[in-house]
Amino acid sequence: MSAPAGARRGAVLLPAVAAALLALELVALALPSAAAGASGFRCRPGSRPVLFNFGDSNSDTGGMAAARGWHLERPEGRAFFPRPTGRFCDGRLTIDFLCESLNISYLSPFLKALGSNYSSGANFASAGAATSPRDVPFALHIQVQEFLYFRDRSLELIDQGLSGPIDAQGFKNALYMIDIGQNDVNALLSNLPYDQVIAKFPPILAEIEDAVQTLYSNGSRNFWIHGTGALGCLPQKLSIPRKNDSDLDQYGCLKTYNRAAVAFNTALASLCDHLSAQMDDATIVYTDLFPIKYDLIANHTKYGFDKPLMTCCGYGGPPYNYNFNKGCQSKGVTACNDGSKFVSWDGVHLTEAANAIVAKAILSSQYSKPSLKFDQFCRV
């Protein structure tokens with residue numbers, strides 16, 4: 001299928017990528033205290049915030065598990081629920097902490113048939129999701145189509161005098177979050193040299209642009225878009241055999257992967273600027289997750305982490321405890337005793353302890369453009 005109209009516009013973002021290739025040291029700037037923005041972001045009494053989320057496994061609260069009939073077992077979920085919920089984590093994800101800040105229930109996956117509560121929104125994120133191919137389950141384009149189905153069915157029920165989870169005003173005032181692109185960039189880095197990876201960003205950005213434009217044309221006005229994290233610090237990537245350690249930075253992360261992440265985020269931020277100018281009655285907030293997640297590694301002792309580059313639930317032992325053939329649910333794999341001492345849960349996803357720090361940094365607004373409070377979208 002041909003790229004959407006946004007693909008042509010996305011191509012103009014390449015000059016912005018060059019600006020991202022400043023010295024990577026700038027992303028090692030220390031975060032403010034993890035608790036700095038934790039207060040003051042709760043909705044006013046009587047407000048009813050509504051949140052819709054689109055993304056990959058970083059914010060999947062059980063969608064892919066429901067879709068594929070996966071019966072995850074402990075230690076998934078052990079730190080909080082304390083049972084597996086379909087999250088790839090020992091507990092809560094970043095989006096769960098953001099929901100807590102709004103005093104709403106955790107988002108139920110759109111694909112979860114039983115036990116779901118959609119009164120405060122829905123989660124369309126699915127593990128493994130990317131922006132392309134756009135018509136495969138559960139790419140960003142498909143997630144947006146799922147949302148439109150959800151919205152139309154909700155309003156249809158209300159028109160019939162029945163109870164719908166969210167009314168027209170709720171959809172209009174809701175916050176629409178997008179956190180995707182990591183799988184796209186990772187796939188490129190696994191198969192292409194760096195310069196060719198950068199050249200292939202425009203189609204990814206075009207799909208994100210198309211998603212925002214589609215939601216906007218259907219009445220959405222509040223958007224919160226996340227950049228990708230420190231890909232070069234993931235145990236999964238660090239475990240790839242390499243000839244030498246020349247590509248490792250002072251903290252043990254892969255410089256090439258992180259340069260690509262910074263370049264992608266710079267281009268995504270430029271896209272958000274472009275969309276904001278184009279949609280002058282919409283609010284589009286871009287949050288750069290790279291410095292937040294990189295700081296978990298660079299300044300790990302500040303947060304109480306002992307082994308920033310080692311997986312908690314993995315196989316193989318130091319230095320990364322990651323085996324490509326044995327995931328957290330595989331036979332013979334064991335988990336660390338205390339996940340709060342680890343940044344990485346399974347080599348790809350963060351622990352609950354790390355997710356809590358990421359959420360607090362997001363709530364601080366210091367990594368967002370424009371610098372707006374997360375709860376401004378609460379429905380009164």
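Just so we're clear, the structure is a prediction, and the values are computed from it rather than from any experiment.
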*Can you tell me if S364 uses its side chain to pair, donor with acceptor, with the backbone of Q366 under 3.5 Å?*
yes
*Could you tell me if the ring centre of F290 sits under 6.0 Å from that of Y367?*
no
_Carboxylate-amine/guanidinium proximity below 4.0 Å for K369 and D273_ = yes
*Minimum heavy-atom separation for S59 to I95, with atom names?*
O-CG2, 4.1 Å
*Is there a donor-acceptor contact under 3.5 Å from the side chain of D60 to the main chain of M64?*
yes
*Indicate the atoms forming the closest heavy-atom contact of G227 with D179, along with that distance.*
O-OD1, 4.3 Å
*Identify the two heavy atoms, one from Y322 and one from D346, that lie closest to each other, and give their separation to 0.1 Å.*
CE1-O, 3.4 Å
*Do R259's NZ or CZ and the ring of Y194 fall within the cation-pi criteria of under 6.0 Å and 45°?*
yes
*Over all atoms of both residues, closest heavy-atom pair of V212 and F223*: O-CZ, 3.8 Å
*Is there a side chain to side chain contact (heavy atoms under 4.5 Å, CB included) between F81 and C89 once you walk through the steps?*
CA-CA 11 Å; F81 291 102; C89 183; over 6 Å; no
*Qualifying residue, where the test is ring-ring contact (aromatic ring centres under 6.0 Å, His included) with F54 and the options are F124, F150, F138*: F124
_If you compare the SG positions of C336 and C313, is the separation below 2.5 angstrom?_
no
*How would you list, by chain and number, every residue that makes a side chain to side chain contact (heavy atoms under 4.5 Å, CB included) with S344, sequence neighbours excluded?*
P235, T311
_Test salt bridge (charged side-chain N to carboxylate O under 4.0 Å, His left out) on R134 and E207; report intermediate values, then the result._
CA-CA 8 Å; R134 73 188 318 246; E207 288 296 333; 3.0 Å; yes
*Give the intermediate values and the outcome of ring-ring contact (aromatic ring centres under 6.0 Å, His included) for residues F52 and F147.*
CA-CA 8 Å; F52 295 104; F147 163 76; 5.0 Å; yes
